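The structure appears below as structure tokens.
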Number of protein chains: 2
Amino acid sequence: MLINELSKKTGLSTHTIRFYEKSGLIEGKQNKAVKSNNYFHYDEVTVEKLEFISDAKSVGFTIREIGQMIDAWYNQKYTKEQKLEILDDKLISLEQKMKEIKEMKKQIIEFKDDVLNDRC
Amino acid sequence: MLINELSKKTGLSTHTIRFYEKSGLIEGKQNKAVKSNNYFHYDEVTVEKLEFISDAKSVGFTIREIGQMIDAWYNQKYTKEQKLEILDDKLISLEQKMKEIKEMKKQIIEFKDDVLNDRC
DNA sequence: TACAACAATAGAGTATGGTCTATAGTTGAT
DNA sequence: ATCAACTATAGACCATACTCTATTGTTGTA
């Protein structure tokens with residue numbers, strides 16, 4: 001599919017998709033047989049990747065971190081051990097985020113309690 | 001205390017503290033009796049606030065959101081009902097973040113499983 | 001063949017959240 | 001009195017992650 005269809009499937013703008021492509025997160029393929037244009041073609045895996053990118057972004061991962069994860073899963077850039085290390089690293093950082101969120105929840109609940117009891 | 005001491009107590013640079021002050025998150029007081037300088041003085045509540053700001057930032061809240069929470073707790077800018085609404089709103093967004101993190105964990109664990117079993 | 005809708009590329013512009021520099025003045029110990 | 005260490009203010013600069021504009025070229029339908 002071309003970028004417009006990819007955009008419609010993922011809900012991301014063509015600008016954003018091109019930005020992710022420039023950032024190395026996804027990669028379209030140009031058909032060398034066609035000489036009249038240099039349009040990029042995208043497959044279903046790219047749709048998957050973009051969905052993953054959106055999810056990963058909303059939990060706070062940076063483009064760089066997301067790139068590492070994509071490389072650890074879809075590409076042959078790393079050895080098996082390196083891949084596992086990267087993914088474990090990300091799992092640890094998610095555990096950390098969870099802990100911080102739980103702490104923040106506690107704190108906000110305390111705030112609420114203070115508001116309810118006119119202690120602030 | 002002056003800004004340097006505040007900086008040492010919180011681990012935040014004086015620049016960052018001044019940035020937060022400009023952003024309306026904290027507020028020092030100038031001693032009008034002293035006419036030779038216009039130094040700002042900070043209290044223990046400001047230390048607390050800065051610690052809260054650091055925690056809130058690391059769970060992904062924006063400066064604006066953090067400002068709302070601080071206003072909902074420390075200030076009289078909002079009614080009791082508005083304060084509770086703001087805090088509940090933030091609790092909901094934390095629940096959402098938790099859900100997303102759990103999903104992401106699942107996905108990364110699947111990735112790991114694929115790596116371990118040479119499925120990618 | 002005209003033309004709307006699409007494509008690629010380069011580069012400018014925006015928002016957020018800092019971070020740093022320059023300047024000018026103040027304080028406190030020696 | 002000197003001077004290092006502090007203070008305030010203004011504004012420049014930076015990184016991240018987009019977002020938009022301008023330009024040029026292509027495709028497909030009427």
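Every chain is numbered from 1, with letters handed out A, B, ... down the list of sequences. If you're wondering where the values come from, they're calculated on a predicted model, not measured in any experiment.
- Counting to the nearest Å, the P atom of C:dA8 and the CD1 atom of A:Ile26 are 11 Å from each other.
- Nearest-nucleotide mapping onto DNA chain C: of A:Gln30 and B:Thr16, the residue sitting toward the 5' end is A:Gln30.
- Classification of the A:Phe111-B:Tyr74 ring pair by plane angle, with boundaries at 30° and 60°, yields perpendicular.
- Counting any heavy atom pair closer than 4.0 Å across all strands shown, A:Ser13 reaches no nucleic acid atom.
- Residue A:Arg18 is in base contact, counting any heavy-atom pair closer than 4.0 Å across all strands shown.
- The CD1-C1' distance, from A:Ile17 to C:dA8, rounds to 14 Å in whole Å.
- Of the candidate nucleotides D:dT9, C:dG18, C:dT27, C:dG18 has the atom lying nearest to any side-chain atom of B:Ile63.
- The nearest whole Å value for the distance from the CG atom in A:Asn4 to the P atom in C:dA5 is 12 Å.
- Side-chain polar atoms of B:Glu100 and B:Gln96 form a donor-acceptor pair below 3.5 angstrom.
- Taking the nucleotide of DNA chain D with the nearest heavy atom to each of A:Asn37 and A:Tyr20, the more 5' of the two is matched to A:Tyr20.
- Using modelled atom types and a 3.5 Å distance limit, the side chains of B:Asn4 and B:Ser7 yield no donor-acceptor pair.
- Here D:dT26 presents its C1' atom at 15 Å from CD1 of A:Ile3, a figure rounded to the nearest Å.
- When the side-chain nitrogen and oxygen atoms of A:Lys22 are compared with OP1 and OP2 of C:dT9, none of them lie within a distance under 4.0 Å.
- Contacts of B:Thr62 with the nucleic acid, taken as non-hydrogen atoms under 4.0 Å apart, involve only primed sugar atoms and P, OP1 or OP2.
- For the pair B:Lys9 and B:Glu44, the salt-bridge criterion is met [side-chain N within less than 4.0 Å of a carboxylate O].
- A:Asn31 has its CG atom 15 Å from the C1' atom of D:dT27, to the nearest Å.
- Mapping A:Tyr39 and A:His15 onto DNA chain C by nearest heavy atom places A:Tyr39 at the nucleotide closer to the 5' end.
- The distance from atom CZ of A:Phe19 to atom P of C:dT14 is 17 Å, rounded to the nearest whole Å.
- Remark: B:Lys49 fails to qualify as a cation-pi partner of B:Tyr42 under the 6.0 Å distance and 45° angle criteria applied to the six-membered ring.
- For the pair A:Glu65 CD and D:dA15 P, the interatomic distance rounds to 18 Å; values are reported in whole Å.
- In this entry the distance linking NZ of A:Lys8 with P of C:dC6 reads 5 Å, nearest Å.
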